[in-house]
Amino acid sequence: MSDSNPSRRRVLAGGLAAAAAAVAGCLDGSVTAGPADGTPADQVLVLTLDDAGETLRDTGVVDPAETDPRWDEAAFAAARNGERYTAQYRTPLPPAGDDPTYAVHDGTYYRLDSVVVDEAAATRPVLRLFEVDEDGGDGNGSDAGDGDAVESEALPAGDRRAVRIAHFAARARGNPGGVPVGLVERGGYVYRDAEAIDASELLAADGPDRVLHRDTVYRAEVARERFHEPVYRAVAEPVAESPERMEAILRARTVGARIESEDLSTDARAVIEAARRGGYEESHPYSDGYAEVLRTLRERPYLDGNVRKDAGWTESGSERIRYEGRYYDYQLLFESP
């Protein structure tokens, strides 16, 4: 069997010769794509499969005994024991949301969360920086003050962090582009760590009023302002007592299609094998084997009539699947050959 348009489908770099031969030799029988169906001739749909391993627990569960977790371990211990543990402003454990964090301790698996249970008011120091102009002011009629600027790297760690973040706000002031979300607050940096506040030189009554950071001199302004902040309670809900049950939970949450090679045609298996070894691509209308794979992946929108006029999409279909006892993350993406 021969393909009347051999450039229309090919195995991407990394495919095995056997898979390439199977794809080129067996996946014909489809109609040659062209202007008549409204599909740009240089658009192909690429399928790739990335190996995600044999178990989901390896990446889906955190074991604090083996990995340093990025959360409050005291909060995890208290929540496991049914004790009330709260924190103001910062979440003590990762919020569950649409992608919850799971942790294991002594053979029990927990779903972590932080829920808002109250509100608290607090007065916080806020550092704002204003660039000093050639006349020693900040352009708003403010005098830079006496004394030389202190280099930011000579300050305590908490102040260095404060200057780095307040610098972003100062740099963006009056310019388009915005500032880092989640770092800059109220046009500067808000001190919340008690140790950083106690050790701070910038917050001291006789602290420096000018800072040199990245070859720029800034006037440092400190204000103490009122904040209303959420109070979070740590939650660790037991969900499984065995690795098998935890695996089932992760599988139910994250895995779409479950595929066995024996349920596929020879042509569809050739497409899957090529996609596992680098990628597989075709232009529309797709061969019977590629169409079978797309249906198996539950990606029927790629087979309907819209794809012929919308083949310039850059958005991709993606999901996790299970194939022959392993997990894979697949991606579908329109590209030019």
Side-chain angles (χ1 to χ4, degrees), residues 50-122 124 157-158 161-162 164-165 179-185 189-197 227-258 318-322 325-331:
D50 293 325
D51 194 334
E54 293 184 349
T55 68
L56 300 175
R57 299 189 311 279
D58 292 343
T59 56
V61 177
V62 178
D63 186 349
E66 298 181 357
T67 304
D68 185 19
R70 297 182 178 181
W71 64 64
D72 188 334
E73 294 189 64
F76 182 39
R80 290 196 314 267
N81 296 325
E83 301 171 5
R84 182 180 176 84
Y85 188 102
T86 60
Q88 186 172 323
Y89 180 71
R90 292 184 175 86
T91 56
L93 295 177
D98 295 330
D99 187 19
T101 297
Y102 296 94
V104 60
H105 179 77
D106 286 346
T108 299
Y109 295 84
Y110 299 85
R111 176 182 181 272
L112 307 185
D113 197 4
S114 288
V115 297
V116 177
V117 294
D118 203 352
E119 178 188 66
R124 308 287 191 189
R161 172 178 170 80
R164 285 196 299 269
I165 294 175
V179 295
V181 176
L183 293 178
V184 172
E185 286 186 79
Y189 175 80
V190 180
Y191 284 81
R192 286 190 170 86
D193 183 84
E195 293 184 5
I197 293 174
F227 290 81
H228 292 85
E229 301 168 341
V231 176
Y232 295 94
R233 177 170 57 84
V235 176
E237 177 187 3
V239 295
E241 297 292 339
S242 69
E244 294 76 17
R245 176 62 64 84
M246 187 67 243
E247 188 74 17
I249 292 172
L250 294 172
R251 192 165 53 242
R253 289 199 66 260
T254 64
V255 177
R258 324 306 171 80
S318 61
E319 196 176 47
R320 178 162 291 174
I321 63 171
R322 185 172 175 84
R326 295 188 69 85
Y327 298 102
Y328 294 88
D329 293 321
Y330 76 81
Q331 183 180 62

Q: What residues form a salt bridge (charged side-chain N to carboxylate O under 4.0 Å, His left out) with Asp51, not counting sequence neighbours?
A: Arg326
Q: Ala196: what forms a side chain to side chain contact (heavy atoms under 4.5 Å, CB included) with it, not counting sequence neighbours?
A: Asp193
Q: Can you name the side chain to side chain contact (heavy atoms under 4.5 Å, CB included) partners of Asp118, sequence neighbours left out?
A: Val231
Q: Suppose we screen for side-chain hydrogen bond (donor to acceptor under 3.5 Å, both in side chains). Which residues come up paired with Asp58, at least two apart in sequence or across chains?
A: Thr55
Q: Evaluate the side-chain proximity of Leu56 to Val255: yes if any heavy-atom separation is below 4.5 Å, no if none is.
A: yes
Q: Thr108 and Pro238: which non-hydrogen atoms are nearest, and at how many Å?
A: CG2-CB, 4.1 Å
Q: Using side chain to side chain contact (heavy atoms under 4.5 Å, CB included) as the criterion, list what pairs up with Ala121, not counting sequence neighbours.
A: Arg226, His228
Q: Over all heavy atoms of both residues, which pair between Tyr89 and Tyr232 is shortest? Give the atoms and the distance, please.
A: O-CE1, 3.2 Å
Q: Filter on salt bridge (Lys or Arg N to Asp or Glu O under 4.0 Å), then keep only pairs touching residues 227-255, sequence neighbours left out; what's left?
A: Arg57-Glu247, Arg124-Glu229, Arg192-Glu229
Q: Of all the heavy-atom pairs spanning Gly256 and Glu319, show the shortest one and how long it is.
A: CA-OE1, 3.6 Å
Q: Would you say that more than 12 heavy atoms from the other residues, nucleotides or ligands in this model lie under 6.0 Å from the CD of Glu119, or not?
A: yes
Q: Which distance, rounded to the nearest 0.5 Å, do you find between the OH of Tyr327 and the CD of Glu54?
A: 10.0 Å
Q: Can you spot which of Trp71, Phe76, Tyr110 makes a side chain to side chain contact (heavy atoms under 4.5 Å, CB included) with Val62?
A: Trp71
Q: Taking ring pair (Phe, Tyr, Trp, His ring centres under 6.0 Å) as the test, write out the residues that go with Tyr189, two or more places apart.
A: Tyr191
Q: Residues in side-chain hydrogen bond (donor to acceptor under 3.5 Å, both in side chains) with Asp50, at least two apart?
A: none
Q: Which pairs would a plain distance check flag for residues 77-85, meaning a side-chain donor or acceptor within less than 3.5 Å of a matching protein atom at least two apart in sequence or in another chain?
A:
from, atom 1, to, atom 2, distance (Å)
Arg80, NH2, His105, NE2, 3.4
Asn81, ND2, Ala77, O, 3.0
Tyr85, OH, Asp72, OD2, 2.4

Q: Which side-chain N or O atoms in residues 90-104 pair as donor and acceptor under 3.5 Å with protein atoms at least two apart or in another chain?
A:
none

Q: If the condition is side-chain hydrogen bond (donor to acceptor under 3.5 Å, both in side chains), which residues does Tyr109 pass it with, not counting sequence neighbours?
A: none
